[in-house]
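Okay, so here's the structure we're looking at.
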Amino acid sequence: MRRACVALVAVTMVAATACSGQGGATSGETAAPPSDPAKVSGGITVLTNRTDQIADGSLKKYAAEFNKIYPGVKVKFEGLTDYEGETKIRMNTENYGDVLLIPNSLSVEQYPHFFAPLGNSIALSDKFDYTDHATVDGKVYGLANIGVANGFVYNKAVWQKAGIKDWPATPEEFIADLETVKAKTAAVPYYTNYKDGWPLTNWTNAIGSPSCDSGAYDSLAKTKEPWSSGSDLYAIDKLLYTIVEKKLAEPDPTTTNWEDSKAQIGAGKVATMWLGSWAISQMRAGAKAAGKNPDDIAFMPFPAQHDGAYCSVLRPDYQYAVNAHSDNKEAARAWIDWYITKSGQAAGEGSISSVKGAPLPDTLKAFSDNDVMMIPQDQERIVDVNKIDKASEIGITAQGYRQKLVDVARGAADGDMDSYFGELNGKWAEAQQTLGG
């Protein structure tokens with residue numbers, strides 16, 4: 001039986017624990033790539049947020065292909081509907097699978113407490129993109145399967161029915177377009193996915209788009225009041241607030257459903273959602289299931305331009321890691337490497353492969369055709385930003401503060417946009433001062 005760790009999960013971030021060294025594994029043991037597939041054996045459990053791929057048998061098919069190369073490894077998948085919440089609880093023990101997606105609420109400096117190093121950062125960065133997002137002291141603790149461009153997934157047929165042909169270039173134009181969708185179609189102009197919560201966290205990934213600045217996220221380490229006019233967070237959260245305040249979102253956000261939203265946007269019942277480019281293929285599948293044209297699902301950038309160009313932040317999706325306490329690290333690493341480099345999953349779903357040199361998928365052809373600048377999200381100051389965020393108890397990568405933003409906007413919580421932004425600025429500034437920033 002797995003023994004419980006000493007620390008409990010914090011409100012918005014998993015605490016570093018005293019688990020290291022418990023059981024039969026050591027957290028410093030490297031999960032190296034196997035040299036001989038025939039000699040790799042053991043059973044591994046892969047935690048996943050893709051419950052849909054368990055239901056439709058996709059992951060089972062991937063495992064069958066994997067077993068043609070690694071016949072001695074038995075792969076079991078465990079789907080978690082509330083991936084972030086359930087994983088945080090499980091990480092209070094050693095039993096959080098053998099392979100897992102690194103939770104967003106975990107800060108980079110905590111990775112060595114929970115995950116086995118995968119290798120040297122210099123060597124791995126020659127083969128994979130985004131390794132800097134999971135590097136601590138020269139060691140990489142997570143590998144992304146895909147990179148993600150950020151933007152609005154939208155039903156082009158609905159927008160065209162409303163008479164809208166061009167992408168909005170400002171937040172004001174975007175709001176006006178949603179109002180037109182509401183007036184001229186039966187679709188819900190925007191869907192928040194408030195109840196599931198995690199889709200709201202994707203708005204943070206827009207940091208850098210309004211300013212077209214790859215260093216915008218890092219600059220939070222020195223920004224006293226990030227929710228002040230002119231800043232990226234102000235532009236991002238003001239847009240979401242305005243959408244809800246003007247009743248351009250679903251009538252009751254407490255009843256939203258992530259899986260159902262795919263069918264709704266696919267059928268044209270919902271017009272728009274802010275998500276990563278990974279969602280395009282899922283929404284197209286939703287359209288096909290609803291008997292509609294999958295090509296109706298399109299992707300547009302954040303409504304802001306810099307020198308006449310749109311900018312979309314390019315960042316890694318979830319990164320795969322090996323549990324530091326796994327008894328089958330070699331088999332776990334074999335699965336990660338095979339899935340990222342050999343499975344074809346990224347290309348099959350129209351995603352951006354993390355393997356260096358891989359071409360952009362057809363799902364982003366509109367971005368290429370319209371010269372959308374895809375900029376990286378620098379994370380040189382990520383540790384400093386995380387410390388301020390934790391001390392402020394805001395949780396810019398968690399769902400709570402944006403759920404409250406939606407609540408304020410719809411009148412379910414006290415205050416207005418200015419008062420809430422003032423509250424957030426106060427917490428951030430106080431935390432920064434306390435930490436000596």
For residues [X] and [Y], is any side-chain donor paired with an opposing acceptor at under 3.5 Å?
| X | Y | result |
| --- | --- | --- |
| Asp177 | Thr180 | no |
| Asp260 | Gln264 | yes |
| Asn193 | Thr256 | no |
| Ser58 | Arg50 | no |
| Trp159 | Thr272 | yes |

Practice item. Using the side-chain contact (heavy atoms from CB on, under 4.5 Å) rule, pick out the option among Arg284, Lys156, Lys262, Gln282 that qualifies with Ile297. Key: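 Option passing the side-chain contact (heavy atoms from CB on, under 4.5 Å) with Ile297: Arg284.
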Next on the checklist: So, applying side-chain contact (heavy atoms from CB on, under 4.5 Å) with Thr131, which one of Ile122, Leu118, Asn120, Leu143 is it?
Outcome noted: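 For Thr131, the side-chain contact (heavy atoms from CB on, under 4.5 Å) test succeeds with only one of Ile122, Leu118, Asn120, Leu143, which is Leu143.
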Spatial distance of atom CD1 (Ile164) from atom CD (Glu173) [nearest 0.5 Å]:
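Output value for this atom pair is 10.5 Å.
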| How about Phe299 and Tyr154: are their ring centres within less than 6.0 Å of each other? |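 Aromatic pair excluded; centres sit 6.0 Å or further apart.
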### Message
Can you confirm whether or not the ring centre of Tyr318 sits under 6.0 Å from the ring centre of Tyr83?
### Response
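Yes, the ring of Tyr318 comes within the 6.0 Å limit of the ring of Tyr83, centre to centre.
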Identify whether NZ of Lys or CZ of Arg in Arg410 sits under 6.0 Å from the centre of the six-membered ring of Tyr194 and within 45° of that ring's axis.
->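 Yes, cation above the ring, under 6.0 Å and within 45°.
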Query raised in the report: Would you call the rings of Phe367 and Trp167 parallel, tilted or perpendicular, where under 30° means parallel and over 60° means perpendicular?
Result: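 Aromatic pair Phe367/Trp167 classed perpendicular.
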**Pairs meeting criterion salt bridge (Lys or Arg N to Asp or Glu O under 4.0 Å) with involvement of residues 120-133, two or more places apart** =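 Residue pairs with at least one partner in residues 120-133: Asp129-Lys356.
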* Just wondering, do Phe115 and Val322 contact through their side chains at under 4.5 Å, heavy atoms? ->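 Contact flag for Val322/Phe115 side chains = no.
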Decide yes or no on ring-ring contact (aromatic ring centres under 6.0 Å, His included) for Phe302 and Tyr310, but give the supporting numbers first. CA-CA 7 Å; Phe302 190 89; Tyr310 294 97; 9.8 Å; no
